[in-house]
Amino acid sequence: MQENEANSLLQDFIEKCQMHNLKVTPQRMAIYREIVDSTEHPTVDTMFQNVKKEFPNISYDTVSRTLLTFAEIGIVDLVEVYGGAKRFDPNVATHHHLHCVSCSNIYDFRNDEYNNLEIPDHVRQGFTVLTSRVVLKGLCDKCSNPGNVSP
Ligand SMILES: [Zn+2]
Ligand SMILES: [Zn+2]
């Protein structure tokens with residue numbers, strides 16, 4: 001990640017915390033930095049393992065609560081996973097997901113047409129749509145070509 005981009009993300013993070021009276025602690029900063037650097041839509045467990053390297057005394061509970069608080073105030077997004085472990089998304093801008101049903105990886109993709117999906121009338125009648133995301137399930141490149149070991 002470019003340094004400028006990282007700085008502006010951090011600035012954004014600090015502003016959102018202040019807006020919601022959330023103290024910016026070194027641990028919260030570390031959790032935020034970790035998730036922003038992650039491209040894998042991590043679970044609490046993955047996040048805990050990584051943050052622990054920097055803060056050996058941090059508890060699983062703290063990481064879990066912090067991520068849920070971040071999700072509540074719009075710093076991260078909760079990924080649409082039902083039944084499995086919660087996963088978090090540092091990208092709160094409109095984007096869409098590819099879910100690999102084999103390795104459970106989630107990949108981001110952008111598509112302008114999907115961003116402007118037209119909501120059918122019969123849906124609008126009984127439901128107020130706030131956001132929309134297209135989720136495509138399938139097999140990622142690695143899983144559909146197990147012989148191809150990517151570098
Ligand atoms: Zn896969
Ligand atoms: Zn995503």
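All values reported here derive from a predicted model rather than from experimental measurement. Both counts, for ligands and for their atoms, begin at 1 and track the order of listing.
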Query raised in the report: Quick one: ring-ring contact (aromatic ring centres under 6.0 Å, His included) partners of Phe48, sequence neighbours excluded?
Result: Tyr60
**Report entry** side-chain hydrogen bond (donor to acceptor under 3.5 Å, both in side chains) between His97 and Asp108, worked out
**Finding:** CA-CA 5 Å; His97 281 161; Asp108 288 343; 3.1 Å; yes
Atom nearest to the Zn ion (ligand 2) - [X], N, O or S atoms considered:
X      : value
Asp108 : OD1
His95  : NE2
Asp89  : OD2

Query raised in the report: For the Zn ion (ligand 2), does an N/O/S atom of His97 lie at less than 2.8 Å?
Result: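 Yes.
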Query - Presence of N, O or S from Asp77 under 2.8 Å of the Zn ion (ligand 2) - result: no
Report summary line: Cys143 SG to Cys140 SG via the Zn ion (ligand 1), rounded to 10°, gives 100°
Query raised in the report: Could you walk me through whether Asp112 and Tyr114 pass the side-chain hydrogen bond (donor to acceptor under 3.5 Å, both in side chains) check?
Result: CA-CA 5 Å; Asp112 286 342; Tyr114 286 174; over 6 Å; no
Query - Cationic N near anionic O, under 4.0 Å, Arg87 to Glu40 - result: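 Here Arg87 does not pair with Glu40 in a salt bridge, since their nearest N and O are not under 4.0 Å apart.
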Query raised in the report: Mind checking whether Phe88 and Phe70 have ring centres under 6.0 Å apart?
Result: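 Centroid separation for Phe88 and Phe70: 6.0 Å or greater.
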